[in-house]
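Note on naming: letters A, B, ... go to the chains in the order of the sequence lines (proteins, then strands), and numbering restarts at 1 for each one. Note that the structure is predicted; figures quoted are calculated from it, not measured.
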Amino acid sequence: MDFLEAIRANLLSPAVLFFVLGLIAALTKSDLKFPEPLYVGLTIYLLVAIGFKGGVAIAEAGIAKVWLPALAAMALGALIPLWTYPLLRFGGKLSAVDAAAIAAHYGSVSAVTFIAATNYLKAINQPFESYATAFLAVMESPAILVGVVLGKLATKTAGEKSGASIKTAMHEAIFGRSIFLLVGTLVVGALSGEVGMKKVEPFFVTPFQGVLALFLLEMGIVAGRRLEDLKKVGAFLLAFGVVVPLINGALGVCLGKLTGLGLGGATLMGVLSASASYIAAPAAIRTSLPDANPTLYLTSSLAITFPFNITLGIPIYLEIARRLYS
Amino acid sequence: MDFLEAIRANLLSPAVLFFVLGLIAALTKSDLKFPEPLYVGLTIYLLVAIGFKGGVAIAEAGIAKVWLPALAAMALGALIPLWTYPLLRFGGKLSAVDAAAIAAHYGSVSAVTFIAATNYLKAINQPFESYATAFLAVMESPAILVGVVLGKLATKTAGEKSGASIKTAMHEAIFGRSIFLLVGTLVVGALSGEVGMKKVEPFFVTPFQGVLALFLLEMGIVAGRRLEDLKKVGAFLLAFGVVVPLINGALGVCLGKLTGLGLGGATLMGVLSASASYIAAPAAIRTSLPDANPTLYLTSSLAITFPFNITLGIPIYLEIARRLYS
Amino acid sequence: MDFLEAIRANLLSPAVLFFVLGLIAALTKSDLKFPEPLYVGLTIYLLVAIGFKGGVAIAEAGIAKVWLPALAAMALGALIPLWTYPLLRFGGKLSAVDAAAIAAHYGSVSAVTFIAATNYLKAINQPFESYATAFLAVMESPAILVGVVLGKLATKTAGEKSGASIKTAMHEAIFGRSIFLLVGTLVVGALSGEVGMKKVEPFFVTPFQGVLALFLLEMGIVAGRRLEDLKKVGAFLLAFGVVVPLINGALGVCLGKLTGLGLGGATLMGVLSASASYIAAPAAIRTSLPDANPTLYLTSSLAITFPFNITLGIPIYLEIARRLYS
Amino acid sequence: MRTHPMKLVTIVCEAHAKVVVTHLLSEVGAHGYTLFAVEGDGSRGKRPADIPEFANIQIEVIVPPAVAEQLLEKLGNDFFPRYAMVAFESEVRVLRKEKF
Amino acid sequence: MRTHPMKLVTIVCEAHAKVVVTHLLSEVGAHGYTLFAVEGDGSRGKRPADIPEFANIQIEVIVPPAVAEQLLEKLGNDFFPRYAMVAFESEVRVLRKEKF
Amino acid sequence: MRTHPMKLVTIVCEAHAKVVVTHLLSEVGAHGYTLFAVEGDGSRGKRPADIPEFANIQIEVIVPPAVAEQLLEKLGNDFFPRYAMVAFESEVRVLRKEKF
Ligand SMILES: Nc1ncnc2c1ncn2[C@@H]1O[C@H](COP(=O)(O)O)[C@@H](O)[C@H]1O
Ligand SMILES: Nc1ncnc2c1ncn2[C@@H]1O[C@H](COP(=O)(O)O)[C@@H](O)[C@H]1O
Ligand SMILES: Nc1ncnc2c1ncn2[C@@H]1O[C@H](COP(=O)(O)O)[C@@H](O)[C@H]1O
Ligand code: NA
Ligand code: NA
Ligand code: NA
């Protein structure tokens, strides 16, 4: 399957089409929306399913295979803010706190983008290390902490009064809902192993792709509503939201290869480092760096990078991996 | 299978039994009720599943087969209010705005009734054109628009102040949640085709009948609560709610045959034209014709026609189709 | 499989591991929680699924086999408060109304514990009478009524003003959500039989174990939050919450054998009588005996007995049954 | 348009008390009420509202001043000792006084 | 800190009226509103809030006194005869009066 | 029954501010609060409440007048510039003044 064909296959998959339908719903001001508990329920389902499956995969592969790339993933997550911060600060002329906040988002990861990528690889029969979920789990927090520290250094005087301290940010980054669920179910999956998997497979694995499609419908609506804000963020962030993922994606793929992953696993490492958080990071940043403007980081991660990755990014990172591995 | 057997089979299907259980819950004042987000979630699931499946079916059958009966279905939906309005106005001595509102509901359609009918046909192994969902999608709006125009003509002076205009009604009738979901997922399904279907089948197809049964439990509760209002609507509407569906159902079956559908498809066209809307129409009518009394149209569509169709109506329309096709 | 192995198998099952994960979430103050409608939705699903399956099983086994053990189960439920009340009153030095309230909880049953037990039996390939759900359905109310009468007798003068009467308690105990759902779907299942089961099986049976695991995650959070209250209830209730289930469990197993159940069915009867209600009973007791302290009955049933049964109790009751049957 | 003074009584209580509180409302003569689920924190700890049995509800009821007084009286005497609960009244103005 | 008197108008109505009521709010010049789903009981029977189409919503809007009067006027004349609805105003104090 | 005057402070803000606002409440000495999710519209656009991260919450807290003043002061100085937020106070009467 060549590159264009790969893109076409992704664009015409139900998941991406549902996402586009959601965008249209938002743009046509349809009153379609998911009630909040449904959204939360779908999120919990997706995180638990992916975490549990990853845990079972770790149990099978053995920790010996997983620790090195996992450590590398963590380091990559922590380092991304260090190069994106100066770019935003001096290239984009953003305030220090805004630059730190955005950098944190791009170092952290988007679980849904990762899930969509595994889905895509499965659809085109590209095998991958299913313990890659472990990388997702460990990459979420480090960048958030680095970003908060960067932001705090820059606003030492002003921020102390009402913004919660770095300690709060750390608790949020470690025990926050999504990270807790992912890490927790990884462990549960590793303890349950194949025997446990057999019992819960009809719920957590078989209908998974359909649930993801339905969820992306809602994500389309959520992202679509942010499209109005594109004007507010300016041309620099627009370009940033597409180019930086491409660079990070390439970095991730290379690191995946260096740490011994196969073609599929390296692609997923690329997807992770290319993706930007829009759930865990905003929650932590909003409380820790309240002076950062949420329109900037939410719009770039949710309305630019997320749609880009879901539609074009994933096949591109695969293509990069293919060239690297051939 | 003869007629009585067909009715028995329908009455003892889990879906209908769950509906009856819901009625009993309402009548015995049990505190059982579904939380609103669960109700919305089930609705979204059912609409998306039926729309997607219909779209895949259209892709397979080709648009050439679908357009003629779809157009006929639209026309039928638009025409039903034109004959029911005078009946309600002069036969039932209802006010003009109430007559218009009720007429709109009976021209529009009930997705759940349609879904229950496809379920029933599948259960008794009666094949049908699965692109019939397209007729469901196009029949929802026209009657609402016709009904609103009828009502506005009748109340030209009074209604202008706070009732939203025909334009609002049109937006509601086209971009309202349920119609948007149906039409949108039809298109998504048509673009995804069989390849996409395979991915989402375990979620959107396999558990479908069970989800429908659960949903009908809640519909039973909702309809059961309205049973108290039966006294308020009077004998005319009681009879109207049973006889008009029978007539419309027969019309629909005939039209299905005329436009080249098979026995199953014609039955579904009959079910659609016999069914009365209780979701999309009330939403549009309440904003466009606020002077119409909601007790009248909701009670007749939800507490009379819906239970009648679910239990007896569906096997009857099938029987009509059988006689016509034999 | 010997006893220790049986316990290990239970502790490492996904369901129990998810429960433990929930406990950890509560103890680490993670912000993970399920939205209320999701919780209600999962409860409805589990009750409907178990009820429907039980009903189908009754239809197959015939009422002749079911009535005797069902009657015995009812009697057992009604009698448990009569021996636990004096124990609590005089052994535990609790006030009359608190003793009556707690006694009611231990005579009533926990549907989730029962479901976890059927799950466990299935996992270790221990056959059981699947019509045992009928015992669950009939054991919920009697103890509540007995407990309310005990409590009312003790507080005749004070309670009359605002506490609702025994009549209210009876309505709650019979038409309350959970009991209505269970009994209702038992009947629906019995009427639908195998034919109906085939239709809804992919929704109500296949994914069941996975849904249960997810639900136990939330139950772990709910129980974990109550752990703080353990200090408030004192050593007596702590011991009560573990020892009384063991005694009731043994009683239930014996009664199961006496009324002709097999090894699996007797185990389930043991589980039922050992379990304590934390949904239906609190709801009824809070309105009927408002002077009873909810911290006492909720903490003992939810934070002591429920976790004990889920983890150790179930394999123990099975072991008791094994010894009795060998 | 002429508005008329009424009392708005707001009650925050555990969900289990719903039946008895709404019963009390009709007893003292309220013609309606509005109710919704809330989370809360108070002297009896957090009530996180994720399982309906242990949640809080907020009940709002508009009544004439005399009814408000009677309602608060009964709440204070019979309900406060038993249920996790907070209640307060405030002044509001309505359009159709005969409705309340 | 200086606070300024404003009116809080609270409207409880059937969910179907959401579009027309929020439209009215912006017509009379309100700069924002807050809205949530509620259950209710009143002269038109229970509204149990389990299906969105037949639920109640509560709308709260802070406006200057003149706007409140105009709003209640229109509600009383055009909306009360048509929709299941209750509305009332109360006195509140806000910090930034230019916001409302 | 004797009632006592208190202040009800109502805060509508983005859900992300929940932790910091409830922290502030206990800092100024409130003994409890009530909280629920709401939809909203305001100067910063619609907040449709379908995903919890971008939703609004409404927080209601009953406090003695002095605490209310201090609370509004801090909200106005430290929170208004940072968070999407509206806050206002009103007079209420409670039964057990020692509770607040
Ligand atoms: N000062 C307060 N302001 C607002 N709501 C309160 C306050 N104190 C208590 N509540 C509410 O009343 C419920 C019961 O209070 P308590 O009995 O103190 O736990 C709490 O869960 C809160 O929802
Ligand atoms: N006295 C009242 N106090 C508070 N809310 C009320 C009152 N009367 C009616 N309501 C609310 O207003 C809605 C419509 O009232 P009605 O038109 O009387 O049915 C009800 O469903 C309640 O939510
Ligand atoms: N005039 C108003 N009346 C009631 N609520 C308001 C008003 N203005 C704003 N709000 C609420 O406060 C939130 C934040 O307001 P804003 O910062 O203006 O976007 C909105 O989403 C609304 O929920
Ligand atoms: Na990243
Ligand atoms: Na029709
Ligand atoms: Na028991």
Would you call the rings of A/Phe215 and A/Tyr39 parallel, tilted or perpendicular if under 30° counts as parallel and over 60° as perpendicular?
-> tilted
Go through A/Gly41, A/Ala25, A/Pro202 and name the one with the most non-hydrogen pairs under 4.5 angstrom from chain B.
-> A/Ala25
Assign the ring pair B/Tyr45 / B/Phe203 to parallel, tilted or perpendicular, where the plane angle (0 to 90°) is split at 30° and 60°.
-> perpendicular
With a 4.5 Å cut-off on heavy-atom pairs, point out which of A/Thr206, A/Thr28, A/Leu38 contacts chain B the most.
-> A/Thr28
Considering the options B/Thr185, B/Leu181, B/Leu136, B/Ile179, which one meets the side chain to side chain contact (heavy atoms under 4.5 Å, CB included) requirement together with B/Leu47?
-> B/Leu181
Let me know if A/Leu42 has heavy atoms under 4.5 Å from chain B in its side chain, its backbone, both or neither.
-> neither
The interface call for B/Val188 against chain A, heavy-atom contacts under 4.5 Å, is both
Just by distance, do the side chain of B/Tyr120 and the backbone of B/Ser13 share a donor-acceptor pair under 3.5 Å?
-> no
Any idea which of A/Leu214, A/Leu217, A/Asn119 has the most non-hydrogen atom pairs under 4.5 angstrom with chain B?
-> A/Leu214
Could you tell me whether the side chain of B/Ser301 and the main chain of B/Tyr297 form a donor-acceptor pair under 3.5 Å?
-> yes
